[in-house]
Amino acid sequence: MVQKPMSANNDATSRICLALAQVPTGRVVTYGGLAEMAGLPRAARLVGQTLRKLPRDTTLPWHRVLNAQGRISIPEPGYQRQKSRLEAEGIVLIHGKVDLERFLWQP
DNA sequence: CATGTGACTCCCG
DNA sequence: TCGGGAGCCACAT
């Protein structure tokens, strides 16, 4: 079998997934916060790209990731999907945004 | 090795 | 509250 070009990838991706898996139900984190948790400070955009690539059937709580303002940062139809999942966990959105002071998860 | 990209963030008006 | 612009990081080409 040879191969596996394996672009540097996996490392950062797995770290992000591991960090995301730690976010408990009913709590949220920001892209930047998750990046920091993954040991990639300031790589918020990378987190976004990584989450965007997750399969629809992933078990990871991708919906618990919001932008620094507590707002859902993805376009439709993803927006509605994320909003529904959040509300299903008791995370309330007021005027389209989550009160981070109340739901942000900080270990 | 150079260039383009984005589910980001911060700052300013 | 909203929009524009600069900064940033790692990945894709």
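The chains referred to below are lettered A, B, ... by the order of the sequence lines, with proteins before strands, and numbering in each begins at 1. Just so you know, these numbers use all the heavy atoms, side chains as well, and skip hydrogens, waters and symmetry mates.
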Between [options], spot the one nearest the side chain of [X], thanks.
| X | options | value |
| --- | --- | --- |
| Ile74(A) | dC8(B), dA7(B), dT5(B) | dA7(B) |
| Lys53(A) | dC11(C), dG7(C), dT9(B) | dC11(C) |
| Ala68(A) | dC9(C), dC8(B), dT9(B) | dT9(B) |
| Leu51(A) | dA7(B), dG6(B), dC10(B) | dA7(B) |
| Ala12(A) | dT9(B), dG7(C), dC11(C) | dC11(C) |
| Arg52(A) | dC10(B), dA7(B), dG6(B) | dA7(B) |

Please state how far atom [atom1] in [X] lies from atom [atom2] in [N], giving the value in whole angstrom units.
| X | N | atom1 | atom2 | value |
| --- | --- | --- | --- | --- |
| Arg56(A) | dA7(B) | CZ | P | 16 Å |
| Ile72(A) | dT9(B) | CD1 | P | 14 Å |
| Leu46(A) | dC8(B) | CG | P | 12 Å |
| Arg64(A) | dA7(B) | CZ | P | 22 Å |
| Leu40(A) | dG6(B) | CG | P | 20 Å |
| Tyr31(A) | dC10(B) | OH | C1' | 17 Å |
| Ile16(A) | dC11(C) | CD1 | P | 9 Å |
| Arg45(A) | dG4(B) | CZ | C1' | 11 Å |

Can you list the steps and then say if Arg56(A) with Trp62(A) is a side chain to side chain contact (heavy atoms under 4.5 Å, CB included)? CA-CA 10 Å; Arg56(A) 294 175 124 301; Trp62(A) 57 272; over 6 Å; no

Positive for side-chain contact (heavy atoms from CB on, under 4.5 Å) with Leu66(A), one of Ile91(A), Ile72(A), Leu93(A):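 Answer to the side-chain contact (heavy atoms from CB on, under 4.5 Å) test with Leu66(A) among Ile91(A), Ile72(A), Leu93(A): Ile72(A).
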
Reading DNA chain B from 5' onward, which residue's closest nucleotide shows up sooner: Thr30(A) or Gln49(A)?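 The 5'-side residue here is Gln49(A).
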
On the side chain of Arg42(A), is there an atom forming a donor-acceptor pair with the base of dC8(C) - under 3.5 Å, no angle test?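 Answer is no: no donor-acceptor pair is held.
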
Within residues 84-107 of chain A, residues whose heavy atoms come under 4.0 Å of DNA chain B: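 Heavy-atom cutoff 4.0 Å gives no residues at all.
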
Short N-O contact, Glu36(A) and Arg42(A), less than 4.0 angstrom: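 No, no charged N to carboxylate O under 4.0 Å.
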
Salt bridge check, Glu87(A) against Lys83(A): does any charged N sit closer than 4.0 Å to a carboxylate O?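 The answer is yes: the pair qualifies as a salt bridge.
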
Kindly compute the distance separating CD1 (Ile74(A)) from CD (Gln80(A)), expressed to the nearest 0.5 Å.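 Rounded to the nearest 0.5 Å, the CD1-CD separation comes out at 10.0 Å.
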
So, for Ala68(A) and Thr30(A), which heavy atoms are closest and what is the spacing to 0.1 Å?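 Closest pair (atom of Ala68(A), atom of Thr30(A), distance): CA-CG2, 4.0 Å.
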
Is there a salt bridge (Lys or Arg N to Asp or Glu O under 4.0 Å) between Arg27(A) and Glu89(A)? Walk through the geometry before answering. CA-CA 8 Å; Arg27(A) 284 285 146 107; Glu89(A) 301 188 347; over 6 Å; no

